[in-house]
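First up is the structure itself, then whatever we jot down about it.
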Amino acid sequence: MAERKSNFLDSVIEYIAPEAAYRREAYRSLCEEIRQNYDAGGYGRVNNNWRVFNQTAEMTDCNDRDTVRARARDLERNSDMMNSVISAYKRNVIGGGYTLQAMVEGNEALNKQIETAWKRWCRKQNCDITKTQSLNQMLRMAVKRKKVDGGIIFIKCFSKGGIVPFKLQAVEVDELDSTHLQPHYKGNRVIGGVEVNSVSEPVGYWFRQIANDGYTYLEPEFILAKNVITYWTKNRPTQIREMCDVAPTVTRIRDTNEFMNAVSVKERIAACLAVFIKKQIPTSGLGRNYAAPVNSFSYDGKTIAPGMIKELNAGDEIQVVNPSGQSTDAAQFIKLQQRLIGAGQGLSYEATSRDMSESNYSSARQGIIEDGETYTEDIELVEELLDEIYESFVISGVLCGLFVIPDFWENKDNYFEHQWFKASKPWIDPVKESNANKIALQTCQKTFKEICAENGKDWRKQLEDTFEVLEFANKKGYEMGGVIFGQNKKNAQNVQNSDDDSQSRTDSSADGKGTGKNSADE
C-alpha cells in the first residue's frame with residue numbers, strides 16, 4: 001500500500017497518543033480496502049470523471065430519448081455503415097415475408113377460405129389505411145423504425161371498404177404527446193404520453209393533434225390500449241416507453257464516419273499536383289542600378305492542362321509539391337470499428353460489412369447460426385405483432401359475415417389457431433446441407449416435419465405437392481418414385497426380390513418343408 005501523507009491532526013495525535021494514531025491509520029486502511037473491492041466502483045485517477053447515478057428506466061431515458069433518436073435518424077440518412085446494420089435486420093427478420101397457415105381442426109374448407117382472404121387483405125388497398133403499403137412493406141418499415149426510433153405504433157382502424165372493415169395505421173413514436181399529464185381515468189398516471197394504471201399496465205395512449213396549418217397544436221387524442229399495437233423492446237421493468245436500439249453504437253458509427261471523411265479529404269489532397277513558381281530576378285528595382293522592367297507574364301488563374309507548353313518568365317523556376325498521404329492503416333481501423341459496431345448489435349462482422357474474404361464454410365455457418373439467434377429475438381416480436389393483427393382480422397371477418405362460424409364466440413381460441421412460415425434462405429453449400437438433413441432424417445434426429453419447418457414450408461403441403469407430382473407422372477407413364485425418394489429402379493427391384501425370397505422362406509418353414517438337412521443345404 002502506498003505511503004500516506006499525514007496531515008497536521010495526524011501528527012498531533014501521533015505525538016500525544018501513538019496507539020490511538022495507529023488504530024486510526026488501521027481503520028482508515030480497512031475502509032479503503034472495503035471501498036476497493038470493485039475497481040469499477042472506485043473514483044481513482046482512471047474513473048475520476050465517471051460519475052453516474054441510479055434512476056428508474058424512464059427517468060434515465062426521458063431526457064435523452066429525443067436527442068438519441070434524432071441522431072440515429074441523421075445517421076440513417078447519411079451513413080452507409082448505419083444502414084448496413086439496419087439492412088441486416090430487415091433482410092433476416094422479414095425477408096420475403098410470412099405465409100399464413102390457418103389450423104382450424106377438422107375444417108379444411110374454412111382454413112382455405114381464411115388463407116385466401118388473408119392473402120388478399122395483405123395488399124396495400126386493404127390492410128393500410130393510407131393504401132400505400134402492403135403488410136410486408138409495413139413490417140419491413142417496422143423493423144427499421146424499431147432499430148432507429150426504438151419502436152413503432154400501429155393503430156387498429158375500423159372503417160368501411162376492403163375485404164374486412166379492419167385496417168392498420170402506422171404511427172411514429174414521436175406522435176405520443178409527452179407534455180400531456182392529465183389522465184383519462186382517475187387514479188392513473190400519464191408518462192411520456194402513455195397512460196398506465198397502478199401496476200404500470202398501459203391503459204391508453206395520448207397522441208398529439210396538429211391543425212391543418214401545420215403549426216397549431218390541438219387537444220391530444222386518447223386511444224385505448226386494446227386498439228393500439230406497440231412494437232418495441234422492454235429492457236428494464238420500470239421502462240414505459242421505447243429507446244433507440246442502436247443507442248450504444250451511435251457514437252462509434254459517428255466517429256468512424258468522421259474518420260472516413262477525414263481520410264477521404266486527405267487522399268484527395270494528396271492526389272492533387274501543386275506547383276509553385278519561384279522567382280529569382282525581381283521585376284522592378286530602385287537606386288542607380290535601376291533597370292526598366294521586362295515584359296512578364298502573370299500566373300494568376302492559370303492551371304495545368306495535359307500536353308501544355310508554356311514559356312516562363314526569365315529566372316522563374318517551377319517546384320512541384322507532392323504531399324505524401326498514405327492510408328494503409330485506415331482499412332484495418334475501419335474493419336475493427338465495423339466489428340465492434342456489429343458486436344454491439346449482436347451481429348457478426350460479415351453480416352454487417354458483407355465482407356467474406358476471411359471466411360470459410362465452417363466460420364460462415366457458425367456466424368449464420370449466431371446471427372440467427374439474434375434475429376430470433378426480433379422474429380418473436382414480429383410474430384406477436386402478426387398474431388394480434390391476425391386475431392383482429394378473423395374477428396372482423398366474422399362480424400362482417402365473411403366467415404360464417406356459428407360457434408365462434410364460444411370457441412374463439414380454436415379458430416385463432418394458425419402458424420407462420422417464413423421463406424427459407426439459400427444454403428451456403430446445398431450438398432452438405434442436404435446430406436446433413438438426409439442423415440438426420442435416417443437416424444431419427446429430425447423428422448420430416450422439422451426439416452420442412454426449417455425451410456419455411458408446411459410439411460402437409462410438401463407431401464401433397466409430392467404425391468400430386470407422382471400421380472401426374474403415373475398417368476403419363478413416367479416412373480418418378482425412385483427419383484423423388486432417392487431410390488433408383490434397380491435398387492427398388494433388388495429390394496422387391498429380397499422381400500419375395502424372405503416371404504418364400506417363411507412359407508416353407510410354416511409348411512414343415514424347411515427343416516433338417518434340406519433346409520441347411522438350401
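Heavy atoms only: backbone and side chains are in, while hydrogens, waters and symmetry mates are out.
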Next on the checklist: Is there a side-chain contact between Tyr415 and Trp409 in this structure, where contact means two heavy atoms from C-beta onward sitting under 4.5 Å apart?
Outcome noted: no
Next on the checklist: Atom OH of residue position Tyr217 - does it have more than 12 heavy atoms of other residues, nucleotides or ligands inside 6.0 Å?
Outcome noted: no
Next on the checklist: Looking at Glu388 and Lys156, is there a salt bridge between them, counting it only when a charged N and a carboxylate O are closer than 4.0 Å?
Outcome noted: yes
Item to check | Audit row: Ser353, Lys335, side-chain hydrogen bond (donor to acceptor under 3.5 Å, both in side chains) steps and yes/no | outcome: CA-CA 8 Å; Ser353 67; Lys335 183 178 292 187; over 6 Å; no
Next on the checklist: Measuring from atom SG of Cys127 to atom CD of Gln133, what distance do you get when rounded to the nearest 0.5 angstrom?
Outcome noted: 8.5 Å
Checklist entry - In terms of heavy-atom contacts, does CD of Glu410 have more than 12 from other residues, nucleotides or ligands at under 6.0 Å? => result yes
Checklist entry - Do the rings of Phe393 and Trp121 sit parallel, tilted or perpendicular, given the 30° and 60° boundaries? => result tilted
Item to check | Student check: side-chain heavy atoms of Glu219 and Gln209 closer than 4.5 Å | outcome: no
Item to check | Under 3.5 Å donor-acceptor, Asp61 side chain and Arg65 backbone | outcome: no
Checklist entry - Donor-acceptor pair, Gln419 side chain versus Met103 backbone, under 3.5 Å? => result no
Next on the checklist: A side-chain contact here means heavy atoms from C-beta on lying under 4.5 Å apart; do Trp118 and His418 qualify?
Outcome noted: no
Next on the checklist: Please check: side-chain N/O of Asn197 versus main-chain N/O of Glu201, any donor-acceptor pairing under 3.5 Å?
Outcome noted: yes
Item to check | Straight-line distance of Ile379 CD1 to Tyr98 OH, nearest 0.5 Å | outcome: 4.5 Å
Checklist entry - What's the verdict on side-chain hydrogen bond (donor to acceptor under 3.5 Å, both in side chains) for Asn83 and Ser87, showing C-alpha distance, side-chain angles and the deciding distance? => result CA-CA 6 Å; Asn83 281 277; Ser87 299; 5.2 Å; no
Item to check | Closest non-hydrogen atom pair between Pro248 and Gln345, with its separation | outcome: CD-NE2, 4.5 Å
Checklist entry - Is a side-chain donor or acceptor of Glu58 paired with a backbone partner of Ile240 at a separation under 3.5 angstrom? => result yes
Checklist entry - If every non-hydrogen atom of Ile253 is compared with every non-hydrogen atom of Ser79, which pair is closest and at what distance? => result CG2-OG, 3.5 Å
Next on the checklist: For a 4.5 angstrom cut-off between non-hydrogen side-chain atoms, does Met138 reach Phe154?
Outcome noted: yes
Item to check | Rounded distance (nearest 0.5 Å) linking atom CG of Leu135 with atom CG of Asn126 | outcome: 11.0 Å
Checklist entry - So, Arg189 side chain and Gln182 main chain: donor-acceptor pair closer than 3.5 Å or not? => result no
Next on the checklist: So, using side-chain hydrogen bond (donor to acceptor under 3.5 Å, both in side chains) as the criterion, who are the partners of Asn78 when residues are at least two apart?
Outcome noted: Asp74
Checklist entry - Heavy-atom count around Arg71 CZ within 6.0 Å, excluding the residue itself: above 12? => result no
Next on the checklist: Please determine whether side chain to side chain contact (heavy atoms under 4.5 Å, CB included) holds for the pair Leu385 and Leu381, giving the CA-CA distance in whole Å, both sets of side-chain angles, and the decisive distance to 0.1 Å.
Outcome noted: CA-CA 6 Å; Leu385 174 66; Leu381 293 175; over 6 Å; no
Checklist entry - Between Ser362 and Asn360, is a side-chain hydrogen bond (donor to acceptor under 3.5 Å, both in side chains) present by the stated rule, with each step listed? => result CA-CA 6 Å; Ser362 299; Asn360 52 33; 4.6 Å; no
Checklist entry - Just how far is it from atom CG of Asn257 to atom OG of Ser264, taken to the nearest 0.5 Å? => result 12.0 Å
Checklist entry - Hey, mind stepping through Thr230 and Tyr205 against side chain to side chain contact (heavy atoms under 4.5 Å, CB included) and telling me if it holds? => result CA-CA 10 Å; Thr230 58; Tyr205 297 84; 3.5 Å; yes
Checklist outcome for this item: Rounded to the nearest 0.5 angstrom, the CG-OH distance for Asp371 and Tyr89 is 8.5 Å
Checklist entry - Judged by atom type as modelled, is there a donor-acceptor pair below 3.5 Å linking the side chain of Thr374 to the main-chain atoms of Gly346? => result yes
Next on the checklist: Under a 3.5 Å distance rule, please check whether Asn92 uses its side chain to pair with a backbone N or O of Ala88 as donor and acceptor.
Outcome noted: yes
Item to check | Minimum side-chain heavy-atom gap Tyr231-Arg145 below 4.5 Å | outcome: no
Item to check | Heavy-atom pair of closest approach, residues Glu115 and Gln101 | outcome: OE2-CA, 3.4 Å
Checklist entry - For Lys449, does its backbone N or O pair with a side-chain atom of Gln462 as donor and acceptor, under 3.5 Å? => result no
Item to check | Partners passing side-chain hydrogen bond (donor to acceptor under 3.5 Å, both in side chains) against Arg254 (at least two apart in sequence or in another chain) | outcome: Glu258
Checklist entry - Quick one: side-chain hydrogen bond (donor to acceptor under 3.5 Å, both in side chains) partners of Ser359, sequence neighbours excluded? => result Glu350
Checklist entry - If you measure from the Lys or Arg side-chain nitrogens to the Asp or Glu carboxylate oxygens, is any gap between Asp255 and Arg252 under 4.0 Å? => result no
Checklist entry - With a 4.5 Å heavy-atom cut-off, do Ile341 and Thr352 have their side chains touching? => result no
Checklist entry - Any luck finding a side-chain donor-acceptor pair between Asp355 and Ser357 under 3.5 Å? => result yes
Next on the checklist: Heavy-atom count check: over 12 atoms from other residues, nucleotides or ligands less than 6.0 Å from Lys131 NZ?
Outcome noted: no
Item to check | Spacing of CG belonging to Asn111 relative to OG1 belonging to Thr116, to within rounding of 0.5 Å | outcome: 10.5 Å
Checklist entry - Backbone N or O of Ile191 within a donor-acceptor pair of the Arg241 side chain at under 3.5 Å? => result no
Item to check | CZ (Arg236) with more than 12 external heavy atoms under 6.0 Å | outcome: yes
Checklist entry - Quick one: do Lys146 and Asp245 make a salt bridge, cutoff under 4.0 Å? => result yes
Checklist entry - Asp66 versus Arg69: any side-chain heavy-atom pair under 4.5 Å? => result yes
Item to check | Minimal non-hydrogen separation, His180 against Val190, with atom names | outcome: O-CG1, 3.1 Å
Next on the checklist: Please verify the inter-ring angle class for Trp206 with His184; under 30° counts as parallel, over 60° as perpendicular, anything in between as tilted.
Outcome noted: tilted
Next on the checklist: Less than 4.5 Å apart, side chain to side chain, heavy atoms only: is that true for Asp149 and Glu242?
Outcome noted: no
